[in-house]
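Here the structure comes first, spelled out in structure tokens, and everything after it is commentary.
Numbers here simply count residues along the sequence, with the first being 1.
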Amino acid sequence: MSTTPDTKHPQGASKVGLRELVRMKSEGEKIVMITAYDYPSGRHADAAGVDVVLIGDSAAMTVLGHDSTVPITLDEIVMLAKATVRGAKRPLVIADLPFGSYQVSDEEATRSAIRMAKDAGVDMVKIEGAGQTVSRVRAIVGAGVAVCAHLGLTPQSATLLGGYRAQARSAEEALQAVRDALELEAAGAAMIVLEAVPPIVAERITQAVSIPTIGIGAGAKCDGQVLVYHDAVGISTGPRPRFVRQYATAGEDITQALAAYTAEVKSGAYPQPEHEYTMPADELGRFEATQHLSAT
Ligand code: KIV
């Protein structure tokens, strides 16, 4: 764990800590979060000046090719988180606890969170929902691991929510979302992700809690925003949710590059002499003189 604020990282910039994020909230400076799943995406996020990196269980879909976030295992996220942490030195790093690793009991949740902090070296874990999740937050924080909550559309329970759809659209559900946020804060949550809720609901929650809120499809009034890496850089497959803004077409660039490579290998245009290693002339002469030796 490295939540200590103002720790210098190797490039000289300060490691982002919880105090820094609370300062940003109080001064109205927006917090930038992006998902990352491996060493290169962690490095990209760090180099871009992102504040918080999330190893999301969206990796189940973006990296592992599943249809939902449900199948990914704790072992798989720990492996991805270890690699991401090596790349993302300055940002605060959060990892999702996957479905099935915290639902059954406070003890199981605490064990999973400790594993994530100890083995993967992340600064915080994220768990979804309210209700029994409140007790999980209390238990994990009590064990010394910081927790980010996640309200609104919680993909691990998408079936129960009626699919991947916006939440808290009735007055009653909106009020419940505000109550849930307050309960999660009181239980010790250090941050809350708000996914696919109307902006007025996100704004009310943001005003009601003293911890930072990070929105995804929750409007501009949250303390920060999060996007999925693959959506932001344009390497996603499948339908794009309405809240996504795509900042690059890296997927097209990669496919074009691989098509050019394929064409050049097929045509013989690659490799060229500048891609080869030479032998000293005397060694070459000796080798050529003996190259007709048989194996026997
Ligand atoms: O897993 C994930 O990518 C997430 C973000 C959408 C917040 O939870």
Side-chain angles (χ1 to χ4, degrees), residues 16 24 29-70 72 77 80-81 83-84 87-88 90-96 126 128 148 150-156 158 161 163-167 191-199 201-203 206 212-262:
V16 177
M24 290 167 84
E29 181 184 339
K30 292 292 184 187
I31 298 166
V32 183
M33 186 195 285
I34 189 90
T35 68
Y37 310 103
D38 55 15
Y39 177 68
S41 54
R43 277 186 52 210
H44 294 154
D46 192 330
V50 162
D51 302 304
V52 184
V53 159
L54 169 68
I55 300 104
D57 58 358
S58 51
M61 301 162 88
T62 57
V63 177
L64 302 181
H66 293 295
D67 290 336
S68 79
T69 61
V70 168
I72 196 164
I77 298 202
L80 297 174
T84 308
R90 192 193 74 89
L92 184 127
V93 180
I94 305 176
D96 268 330
K126 177 162 82 59
E128 296 186 359
C148 176
H150 184 152
L151 289 175
L153 171 53
T154 46
Q156 292 178 6
L161 299 176
Y164 293 88
R165 47 204 291 276
Q167 300 295 310
M191 202 184 302
I192 307 184
V193 165
L194 300 172
E195 180 164 356
V197 296
V201 180
E203 185 178 1
T206 301
T213 61
I214 308 292
I216 176 160
K221 295 291 171 62
C222 296
D223 298 311
Q225 298 291 323
V226 56
L227 276 180
V228 167
Y229 179 93
H230 288 48
D231 291 338
V233 305
I235 53 174
S236 304
T237 52
R240 196 185 311 153
R242 68 191 291 167
F243 53 74
V244 168
R245 179 166 283 175
Q246 188 182 312
Y247 290 89
T249 52
E252 283 167 33
D253 291 349
I254 291 169
T255 305
Q256 270 174 27
L258 297 182
Y261 164 65
T262 301

Would you check if the side chain of [X] reaches a backbone N or O of [Y] as a donor-acceptor pair within less than 3.5 Å?
| X | Y | value |
| --- | --- | --- |
| K221 | V201 | no |
| T35 | Y229 | yes |
| R43 | D38 | no |

From [X] [atom1] over to [Y] [atom2], what is the distance, rounded to the nearest 0.5 angstrom?
| X | Y | atom1 | atom2 | answer |
| --- | --- | --- | --- | --- |
| L151 | E128 | CG | CD | 10.0 Å |
| M24 | D223 | CE | CG | 9.5 Å |
| L161 | T154 | CG | OG1 | 4.5 Å |

Minimum-distance pair of heavy atoms, taken over all atoms of [X] and [Y]:
| X | Y | result |
| --- | --- | --- |
| F243 | G217 | CB-CA, 3.4 Å |
| A88 | V93 | O-CG2, 3.9 Å |
| T206 | C222 | OG1-CA, 3.7 Å |
| A81 | A95 | CB-CB, 4.5 Å |
| T213 | L194 | CB-CD1, 3.9 Å |
| P199 | G219 | CB-CA, 4.1 Å |

Taking side chain as C-beta onward, heavy atoms only, is [X] less than 4.5 Å from [Y]?
| X | Y | answer |
| --- | --- | --- |
| E195 | H150 | yes |
| I94 | M33 | yes |
| P91 | D46 | yes |
| M191 | I214 | yes |

Can you name the side chain to side chain donor-acceptor pair (under 3.5 Å) partners of [X], sequence neighbours left out?
| X | value |
| --- | --- |
| D51 | none |
| Q167 | none |
| Q256 | none |

Quick one: side chains of residues 55-65, donor-acceptor pairs under 3.5 Å with protein atoms, not counting sequence neighbours, listed by atom name and distance.
residue : atom : partner : partner atom : Å
D57     : OD2  : Q156    : NE2          : 2.7
S58     : OG   : Y37     : OH           : 2.7
T62     : OG1  : S58     : O            : 3.1

Can you give the donor-acceptor pairs under 3.5 Å from side chains of residues 231-238 to other protein atoms, not counting sequence neighbours?
residue : atom : partner : partner atom : Å
D231    : OD1  : S236    : OG           : 2.5
S236    : OG   : H230    : O            : 3.0
S236    : OG   : D231    : N            : 3.0

Checklist entry - More than 12 foreign heavy atoms under 6.0 Å from OH of Y261: is that the case here? => result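 12 or below, so no.
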Item to check | Residues V16, R90; criterion side chain to side chain contact (heavy atoms under 4.5 Å, CB included); working and verdict | outcome: CA-CA 6 Å; V16 177; R90 192 193 74 89; 3.2 Å; yes
Checklist entry - Taking only residues two or more places apart in sequence or in another chain, which ones pass salt bridge (charged side-chain N to carboxylate O under 4.0 Å, His left out) with E252? => result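 By the salt bridge (charged side-chain N to carboxylate O under 4.0 Å, His left out) rule, E252 matches no residue at all.
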